[in-house]
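Keep in mind that the numbers below use all heavy atoms, side chains included, and drop hydrogens, waters and symmetry copies. Predicted, not measured: the structure shown is a model, and the values here were computed from it. Numbering starts at 1 and runs along the sequence shown.
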Amino acid sequence: MSTEQPCLSGTVLLDTRWAITQLYGEEVLARALTSVPYDVRAVYEAATHLSWVPCEQAHQVYDAVAREVGLSPRDMAERIVPLSVERSIKTVWRAFLGVSASDDALIARAPLLYARSRSVGTMTARVTGPGVAEMVIRNWPKMPEREISSLALGAASILRLAGRRAVRADTLSTPDGGRITVRWRG
């Protein structure tokens, strides 16, 4: 079992920060940052695309923003993650979707994106049938449900960006990480 502290990539954090300011404004983020401990704020504000930011510290900032806008962290994530993922896909990962990526090709890329976005765990992903895929995260015992949900929201967003319809994702915590099942129509 790894003792490494789970971290988010700086790119994920910066794209999420961008989405927060697009949806709620710089002022909301500034107020939220004043409500978190100085060390959390300092790490968050110093993040670069090359940084790794402890998930727990990022969660403290997101929870503070959610309080500022009067939403639960889950409801806020449902608004922020799709916008953040769209920015990532259209900038850093613009070649990800390809011109006409097949379902198999899209799902096969998920472990690469996972490895670039989280410092712990590994992901496997496969299409299990027409319009169904399974992604399994391992080697992250006690993985927070909010991390599994965020990954599911991200996977669903990527499939929508690739033109899939009626996308929905279900999550399950496992002793060693989590499982995401995504369903869609072509």
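Residue pairs meeting the salt bridge (charged side-chain N to carboxylate O under 4.0 Å, His left out) criterion with at least one partner in residues 113-132, sequence neighbours excluded, are Arg118-Glu147, Arg126-Glu134. For residues 42-67, every residue pair satisfying the salt bridge (charged side-chain N to carboxylate O under 4.0 Å, His left out) rule, not counting sequence neighbours, is listed here: Asp63-Arg146. Judged as a salt bridge (charged side-chain N to carboxylate O under 4.0 Å, His left out), the pairs with a partner in residues 18-37 (not counting sequence neighbours) are, in order, Arg31-Glu68.
No option in Ile80, Val81, Asp75 other than Asp75 meets the side-chain contact (heavy atoms from CB on, under 4.5 Å) test with Glu78.
Criterion: ILVMFWY side-chain heavy atoms under 4.5 Å apart, direct or through other members. Under it, Val53 and Leu113 are not part of a common hydrophobic cluster. Hydrophobic clustering (side-chain heavy atoms under 4.5 Å, transitive across Ile, Leu, Val, Met, Phe, Trp, Tyr) groups Met123 together with Leu106. Hydrophobic clustering (ILVMFWY, side-chain heavy atoms < 4.5 Å, transitive): Val120 and Leu13 are in distinct clusters. Residues Val85 and Leu112 share a single hydrophobic cluster, defined by chaining ILVMFWY side chains whose heavy atoms lie under 4.5 Å apart. One hydrophobic cluster holds both Leu23 and Leu33 under the rule that ILVMFWY side chains link at heavy-atom gaps under 4.5 Å.
The closest side-chain heavy-atom distance from Met143 to Thr174 is not below 4.5 Å. Side-chain atoms of Leu151 and Tyr114, non-hydrogen and from C-beta on, do get closer than 4.5 Å to each other. Side-chain atoms of Ile180 and Ile137, non-hydrogen and from C-beta on, do get closer than 4.5 Å to each other. Residues Asp176 and Pro141 have side chains in contact (heavy-atom distance under 4.5 Å, counting atoms from C-beta outward). You'll find the side chain of Val182 reaches within 4.5 Å of the side chain of Met135, heavy atoms only. Considering only heavy atoms from C-beta on, Trp52 comes within 4.5 Å of Ser119 through its side chain.
Evaluation of the side-chain contact (heavy atoms from CB on, under 4.5 Å) rule for Thr11 yields Ser9, Asp15, His49, Val92 as partners, not counting sequence neighbours. Under the rule for a side-chain contact (heavy atoms from CB on, under 4.5 Å), the partners of Val40 that lie at least two apart in sequence or sit in another chain are Val36, Pro37, Gln57, Gln60, Val61. Thr124 pairs by the side chain to side chain donor-acceptor pair (under 3.5 Å) definition with Arg138, not counting sequence neighbours. Legend: residues meeting side-chain contact (heavy atoms from CB on, under 4.5 Å) with Val69, ordered by chain and number and at least two apart, are Tyr24, Val28, Leu71, Met76. Listed by chain and number, the residues in a side chain to side chain donor-acceptor pair (under 3.5 Å) with Glu145 are Ser149, Thr171, Ser173 (sequence neighbours excluded). Taking Thr122 as the reference, Asn139 meet the side chain to side chain donor-acceptor pair (under 3.5 Å) condition, with sequence neighbours excluded. Residues passing the side chain to side chain donor-acceptor pair (under 3.5 Å) test with Arg41: none are found, sequence neighbours excluded. Remark: Thr34 pairs with no residue by the side-chain contact (heavy atoms from CB on, under 4.5 Å) rule, at least two apart or across chains.
Shown here for Ala19 and Ser84, the closest heavy-atom pair between the two residues is CB-N, 3.9 Å. Of all heavy-atom pairs spanning Ile107 and Ala125, the tightest one is O-CB, 3.5 Å. The shortest heavy-atom contact between Gly178 and Ile148 is CA-CD1, 3.9 Å.
Note that CZ of Arg74 is 9.0 Å distant from OG of Ser150, once rounded to the nearest 0.5 Å. In this structure, OG1 on Thr91 lies 10.5 Å from CG on Leu14, to the nearest 0.5 angstrom.
No donor-acceptor pair closer than 3.5 Å links the side chain of Ser51 to the backbone N or O of Gly10. When atom types are taken as modelled, the side chain of Arg17 and the backbone of Tyr44 share a donor-acceptor pair closer than 3.5 angstrom.
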I'd like a table of donor-acceptor pairs (distance under 3.5 Å, sequence neighbours excluded) in which one partner is a side-chain atom from residues 152-166, with atom names and distances.
unit_1	atom_1	unit_2	atom_2	d
Ser157	OG	Leu153	O	2.8
Arg160	NH2	Val167	O	3.0
Arg164	NE	Asp103	OD1	2.7
Arg164	NH1	Ala162	O	2.6
Arg164	NH2	Ala101	O	2.9
Arg164	NH2	Asp103	OD1	2.9

